[in-house]
Amino acid sequence: MSSRKLRKSFLFLFFALIVVGAIYYFNLSNRHKAIVKTRSLHFFNIIDSDWQTSFSGNNFNLKSPSLLIDNIYKSMEGPKAFDYFALDDTKNKLLWLTGFNVSAKNTKQNNIISNDFICHTNFNFIEQEHYGRWGLLDRIGIQYPRLVSLSHGIEKTKFPEGYGFPLFSDENIFIITQSLNHNVKDSIFQIKHDISIDVDTSKHIKPLMPKTVMLLLPFDINTPYQITSTLAENSCIPVETKNHTYFNDSGHAFSGHWKIFNGEDTFTCNVTNQLALKDTLRLHKIVPHLHPFATEFILKDITSNTTIYNCQVKNHSDRIGLGATPDFTSKEGIYLYPEHEYTLTLKTKNTSNIEQDMMASMFMFFYDEEMDAKIKNYFNAN
Amino acid sequence: MMKKWTLKLKITLMRIKAVILLCLIFLTCKKEKHVLPNLSYYINNDGKKVNYTISDFHFTNHLNQPFTDVNIENKIVIANFFFTRCPSICPKMKASLHGIAKEFEKDEQLLITSFTIDLKHDTIPVLSAYANSIGVDNSKWLFLHGNEAQLKHIIQLFKTSFRIEDEGIDFYHSPYAAIVDTNQEIRGFYNLTQEVSTLNLKRDIRTLLK
């Protein structure tokens with residue numbers, strides 16, 4: 001084949017690949033487009049792709065890679081960055097995590113911008129590393145190892161004074177931070193998420209044990225995008241079925257990410273099984289995770305008919321977004337009992353003319369008596 | 001005129017290739033500084049650190065040969081738990097380990113060990129067929145079967161757990177693998193269903209192989 005024909009074939013193949021690639025890309029969902037875009041931009045270093053971390057002894061700071069905001073990104077759709085981190089992998093010192101904070105910054109100008117560009121920042125621990133070090137192997141595989149999530153509406157939280165989550169300085173945690181953009185349509189800009197973790201080195205802090213409860217609603221796995229009459233009231237239409245879908249022991253499907261329609265609605269879920277309380281536990285902290293158009297989020301002890309926590313949500317009045325989703329903090333604590341039943345209730349008011357998406361979880365923190373005894377002995381022995 | 005245009009195109013293409021090559025060199029030569037912790041210990045009820053090694057075990061590999069401490073001497077070992085009928089996380093874990101096996105094909109010091117938790121179904125012939133279907137050299141990746149007591153012992157050493165579900169047809173188990181150094185001490189845990197964690201595992205294998 002002559003070199004001219006070879007060049008022509010190569011160019012034809014090249015353009016054909018571009019066309020096929022473009023057709024594939026433009027048929028992706030918004031979420032998947034963001035994944036492809038972010039990966040490409042980071043891989044070719046077109047935008048800053050590195051995490052920056054620093055540890056000062058009482059504060060662990062992270063600056064995320066740049067995330068490109070070029071489109072409307074609803075909850076769970078925006079560009080994200082993630083990796084594993086140890087506070088100080090050169091030492092094996094027991095530390096306490098006592099507070100978490102995330103803010104959004106414009107990359108180019110390095111100034112703080114609205115928290116409307118933060119969807120969530122999740123902090124996960126590795127069970128084998130965490131419980132394994134303390135010989136608490138019976139805790140592995142029982143609960144999803146989420147330490148806490150900061151999210152839109154609650155970008156800063158602190159444990160009550162004298163309480164914290166124990167973590168060795170060379171212990172890995174997994175951090176994922178995702179961007180959000182409900183409102184800005186006519187600009188393209190880069191942001192970074194500034195994340196910080198408050199650290200205490202005192203020996204007199206009491207450990208907290210995290211547990212997560214989610215509002216899960218049933219749906220028909222065979223016809224997920226229709227409400228069928230076979231389902232009880234309080235069912236939902238999921239946003240999608242690949243993620244945030246769970247099955248109970250009877251094989252029925254539940255979604256933790258569903259659609260809400262114009263107007264008001266109320267959703268309720270019994271979370272007694274999720275709490276899985278074997279003993280009476282003392283609750284000190286709740287950090288809620290909600291999406292825009294949530295108005296009230298309630299944790300109730302239905303056995304004693306007591307409201308434990310009622311999160312009064314503030315939505316923006318002039319745009320889509322959450323102003324505040326107040327957390328629950330108590331130094332004295334509130335007792336939850338294994339023989340009681342507990343529910344989550346969510347009230348929503350969708351004032352837009354289009355369907356929106358919703359999630360509702362509570363990250364709960366209980367005094368961990370078993371871990372406290374171990375840590376006291378550890379400090380005495382070392 | 002055509003000759004000038006062709007020459008310009010050639011020079012432009014050469015410049016693009018040079019830039020791409022430089023980018024690739026830069027990306028692959030990024031320094032990887034990471035200190036691996038020693039995770040082969042637990043803190044007992046008296047608050048004291050109890051160190052241990054991955055030792056005192058007896059399994060049979062898919063070639064029907066004994067597999068004990070001797071087989072991991074001076075080896076860097078990746079260890080995970082699985083079962084052949086697993087429809088959920090195991091295919092992804094298998095793909096990650098396959099990638100690692102291929103990338104470190106020539107490093108004789110690296111050994112991958114996958115312990116089955118489905119002792120009834122995953123007999124030696126079943127594991128052998130499974131290994132053959134993967135197409136990785138037997139010197140690189142071994143599939144192991146043991147008795148209940150040995151499985152319980154090794155699960156504890158690797159700080160993991162599993163649950164029998166669906167009347168023994170399904171199991172809940174961890175997506176994490178452990179890396180063990182030449183002193184038979186655990187140096188890290190990695191989620192094999194996560195790309196970033198698998199990349200970290202490869203980085204740490206390279207660190208330990210040095």
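Since the structure is predicted, the reported quantities are computational estimates derived from the model, not experimental observations. A, B, ... follow the sequence lines: proteins, then strands. Residue 1 opens every chain.
In this structure, the portions of Asn45(B) lying under 4.5 Å from any heavy atom of chain A include both its backbone and its side chain. Residue contact with chain A, scored on non-hydrogen atoms closer than 4.5 Å, involves the side chain of Gln194(B) exclusively. Contacts of Tyr131(A) with chain B are absent, with no heavy-atom separation under 4.5 Å from either backbone or side chain. If you measure heavy-atom distances from Phe168(A) to chain B, the contacts under 4.5 Å come from the side chain alone. In this structure, chain A has heavy atoms under 4.5 Å from both the backbone and the side chain of Ser197(B).
Remark: the backbone N or O of Gly47(B) is paired with a side-chain donor or acceptor of Asn382(A) at under 3.5 angstrom. Side chain of Arg163(B) to backbone of Gly141(A): a donor-acceptor contact under 3.5 angstrom is found. Asp170(A) places no side-chain N or O within 3.5 Å of a backbone atom of Pro37(B) that could act as its donor or acceptor partner.
In this structure, Thr160(B) and Gln128(A) approach most closely via the heavy-atom pair OG1-NE2, 3.7 Å. Closest non-hydrogen pair, Glu195(B) versus Arg39(A), comes out as OE1-NH2, 2.9 Å. Taking both residues in full, the closest heavy atoms of Ile140(A) and Lys159(B) are given as CD1-O, 3.1 Å, listed atom of the first, atom of the second, then distance.
Atom NZ of Lys102(B) is surrounded by more than 12 heavy atoms from other residues, nucleotides or ligands within 6.0 Å. Crowding of Phe247(A) atom CZ: a count of heavy atoms from other residues, nucleotides or ligands under 6.0 Å exceeding 12. Within a 6.0 Å sphere centred on CG of Asn51(B), other residues, nucleotides and ligands contribute more than 12 heavy atoms.
For the residue pair Lys49(B) and Asn92(A), a side-chain donor N or O sits within less than 3.5 Å of a side-chain acceptor on the partner.
Per-residue heavy-atom pair counts under 4.5 Å with chain A were compared for Phe158(B), Tyr42(B), Phe189(B), and the maximum is reached by Phe189(B).
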